[in-house]
Amino acid sequence: MENQNPERKTLDERQKMTDLERIRHSCAHVMATAISKLWPDAQFAAGPPVENGFYYDVELEHRISPEDFAKIEAEMKAVIKANQTFEKVVVTRDQALQDAQKGRLAALAERSAPSKFKLDIVQNIPEGEPISYYKNGDFIDLCAGPHVMRTGNIGAFRLTHVASAYYKGDEKNPQLQRIYGTAFKNKTELEAYFTMVEEAKKRDHRKIGQEMGLFAIDTEFVGPGLPLWLPKGAAIVEELERLAKETEFAAGYVRVKTPHIAKEKMYLTSGHLPKLYADAMFPPMELQEDKTEVAPVTDHESRITRYYLKAMNCPHHHRIFAAEPRSYRDLPLRLAEYGTNYRYEQSGELFGLMRVRSLNMNDAHIYCSPEQFAQEFNAVNELYLKYFKIFGLEKYVMRFSTHDPKRLGEKYVHEPELWIQTENMVRDVLKNSGINYVEVPNEAAFYGPKIDVQVWSAIGREFTIATNQVDFAVPKRFGLVYRDRDNTDKTPLCIHRAPLGTHERFIGFLIEHYAGNFPLWLAPEQVRVLTIGDEQPLVDYAKSVVQELRANMVRAEGDYSTDKINGKIQQAEQAKVHTMLVIGSRDLEAGNVSVRLHGKGNQGAKPKGDVIANIVQSIKERRS
RNA sequence: GCCAAUGUAGCUCAGUGGCAGAGCAACGGUUUCGUAAACCGUAGGUCGUCGGUUCGACCCCGACCAUUGGCUCCA
């Protein structure tokens with residue numbers, strides 16, 4: 001086992017555990033107690049509280065499956081019922097090492113095999129730091145605490161799932177079974193949590209996407225991670241693109257279009273190849289050139305040209321910048337494109353629309369001078385806030401990732417002064433604009449500081465939706481310059497920004513955020529006209545309403561079938577159609593339509609013209 | 001990629017070592033109806049793929065493919 005010295009939490013930081021975290025951490029011990037009783041040779045590693053509960057990593061021949069949960073939970077309940085005290089014992093390092101050798105740590109009794117992970121952990125505790133055990137009944141575990149006073153203080157708990165994890169997250173280390181559970185102060189809170197989980201499942205974008213016919217993933221013919229947008233999903237894509245295009249046009253962006261592939265030279269120049277990004281790119285296409293060449297070719301390699309599917313748009317945009325001589329008068333130059341990128345995400349990383357291999361990015365690159373930077377960067381942030389408002393996002397945070405000077409030339413391009421300079425510029429903009437941000441050291445992109453935008457959906461789930469990066473390195477690698485006032489060539493700064501992220505992830509997020517109940521402007525089927533009966537004059541009237549709506553670019557469908565009106569409404573409600581217009585003979589005579597809104601019920605009969613005008617206006621304003 | 005679970009009709013899901021099932025959707029017919037499902041009928045499947053065990057496999061075993069849950073929030 002490797003004896004590294006990873007960044008550890010200090011004991012002081014540990015003591016800050018909340019009451020709930022103490023309950024969960026204690027519950028992890030109780031679970032270990034139960035597992036030790038059932039399988040005495042279990043070897044435990046780490047068992048911390050986590051965001052929604054706790055886990056404990058265990059090495060055990062027996063594969064624990066959810067069928068074992070009842071058994072384990074029964075033992076846990078016995079321990080809780082016994083109301084054992086959590087007793088803290090401070091020991092010497094020698095004592096800890098001895099007990100670990102005897103297999104006494106994270107165990108109910110001494111064992112023939114040493115407590116190997118605990119032994120490793122003890123050896124990694126820095127000299128001088130106190131070492132402690134926590135005992136409950138016969139179970140002794142190496143633990144810094146803190147815990148609740150007694151096992152009986154664990155109000156309510158449940159085991160949830162099993163996963164695997166490497167010891168210390170390193171694939172060179174043994175693979176452990178990670179058993180997850182959750183615990184709360186009382187049964188009411190536990191049940192509320194599971195209700196929330198159920199609610200999240202109902203909003204799962206994969207489920208709603210299937211039900212509403214938004215997208216399909218055809219792994220057999222198209223490939224995993226390569227979603228197909230069905231007509232209803234494509235309608236949302238089109239609306240988002242329209243929003244972006246209008247907004248960006250008004251903000252002085254110009255649109256460009258670039259191919260989906262480029263030569264290897266492009267990515268060698270950008271620095272993504274040969275190594276940095278190679279794993280995330282699809283393997284190259286190799287073109288045999290000069291097939292008619294008859295002269296002997298000594299260098300086989302020289303006849304092959306490699307093309308790569310683009311994993312990002314920036315290099316193409318850089319070449320557009322380079323396509324013409326640029327003057328300081330051309331700056332800032334804002335190049336925008338809904339570019340399609342291909343990234344080879346590992347198979348285990350794929351997840352519905354949220355993690356895919358083909359993605360359409362709301363991309364743009366802003367080339368500017370250092371003097372223009374603050375204003376441009378601020379304008380980008382304003383754009384984010386504008387979008388948040390449209391989508392009703394109230395909670396967000398911008399994670400500002402900076403570099404680590406120790407890793408210059410390795411993880412980060414070696415430009416010490418530029419790093420500090422641009423980071424200061426970004427920090428100033430964030431401070432002055434009053435945007436909610438946190439600073440995270442050592443997580444920047446390799447070519448400059450980065451901002452990740454995290455948002456919270458309506459039910460409080462967190463999503464990283466977009467990134468925003470400053471790039472002072474790659475324009476230089478591409479030799480991009482503009483002629484400045486003083487008649488010298490200078491390298492521009494470049495801001496990479498994608499406020500709407502990718503269609504795939506953003507729509508995945510929106511599906512959950514709205515639970516599929518999109519506002520009118522985004523709804524895949526905005527209006528459905530339902531006739532009461534299928535008599536010809538009614539159908540003709542209904543068709544004329546559909547036609548008039550479509551003439552106004554409203555996505556409207558008609559249901560003229562012989563089903564009963566209740567049945568038609570049921571179907572339209574289930575399809576989450578935003579507005580239903582019910583038409584019976586009374587409406588026909590009066591020139592009315594009866595309006596029913598999804599989830600809101602009957603709104604009564606109104607004049608046809610008024611209703612259509614209102615629908616058109618609501619879409620135009622993108623009302624929420 | 002690694003570990004585990006899952007894979008049965010378009011969708012949601014039952015099921016058994018001995019003829020493959022339901023609801024919804026689809027299709028045909030009957031019904032002409034005012035705000036969350038009228039009725040009858042028809043059709044639909046090499047039970048993820050390939051191999052093995054067996055008289056016989058959707059079921060048991062193995063490999064592969066795919067999906068899902070996870071893969072440092074560290075005693």
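The sequence lines fix the lettering, A, B, ..., with proteins before strands; numbering per chain opens at 1.
- Considering only side-chain N and O atoms, Tyr180(A) lies under 4.0 angstrom from the phosphate OP1 or OP2 of C71(B).
- Contact annotation for Arg178(A): backbone-only contact, meaning every heavy-atom pair under 4.0 Å involves sugar-phosphate atoms and none involves a base.
- Backbone-only contact: Glu535(A) has heavy atoms under 4.0 Å from sugar-phosphate atoms and none from a base.
- Taking atom P on both nucleotides, A14(B) is separated from U30(B) by 38 Å, rounded to a whole Å.
- Gly352(A) comes within 4.0 angstrom of sugar-phosphate atoms only, judged by non-hydrogen atoms across all strands, and of no base.
- Side chains of Tyr180(A) and Asn52(A): no donor on one and acceptor on the other come within 3.5 Å.
- No contact: Glu211(A) has no heavy atom under 4.0 Å from any strand.
- For G21(B) and G15(B), the P atoms lie 15 Å apart once the distance is rounded to whole Å.
- Counting any heavy atom pair closer than 4.0 Å across all strands shown, Ile532(A) reaches a base atom.
- Nucleotides U68(B) and G48(B) are separated by 15 Å at their C1' atoms, to the nearest Å.
- Ile64(A) comes within contact range of no nucleotide atom at all, as no heavy-atom separation falls under 4.0 Å.
- Rounded to a whole angstrom, the distance from the C1' atom of A20(B) to that of G44(B) is 12 Å.
- Side-chain contact check for Pro524(A) versus Ile236(A): some heavy-atom pair is nearer than 4.5 Å.
- Judged by distance alone with a 3.5 Å cut-off, a donor-acceptor contact links the side chain of Gln574(A) to the base of A37(B).
- Among the protein residues, Gly533(A) comes within range of the nucleic acid bases, having at least one heavy atom under 4.0 Å from a base atom.
- The side-chain tip of Lys135(A) does not point at the ring of Phe86(A) from less than 6.0 angstrom away and within 45° of straight on.
- Using a 4.0 Å heavy-atom cutoff across all strands shown, Asn566(A) reaches sugar-phosphate atoms only and no base atom.
- Between the P atoms of G69(B) and C33(B), the separation comes to 50 Å (whole Å).
- Counting non-hydrogen atoms under 4.0 angstrom, Lys564(A) reaches a base of the nucleic acid.
- Among the protein residues, Arg206(A) comes within range of the sugar-phosphate backbone only, with heavy atoms under 4.0 Å from sugar or phosphate atoms but none that close to a base.
- Heavy atoms of Asp57(A) sit nowhere under 4.0 angstrom from any nucleic acid atom.
- The side chain to side chain contact (heavy atoms under 4.5 Å, CB included) test with Arg528(A) singles out one residue from Val577(A), Ile569(A), Val546(A), and that residue is Val577(A).
- Counting non-hydrogen atoms under 4.0 angstrom, Phe351(A) reaches the backbone sugars and phosphates but no base.
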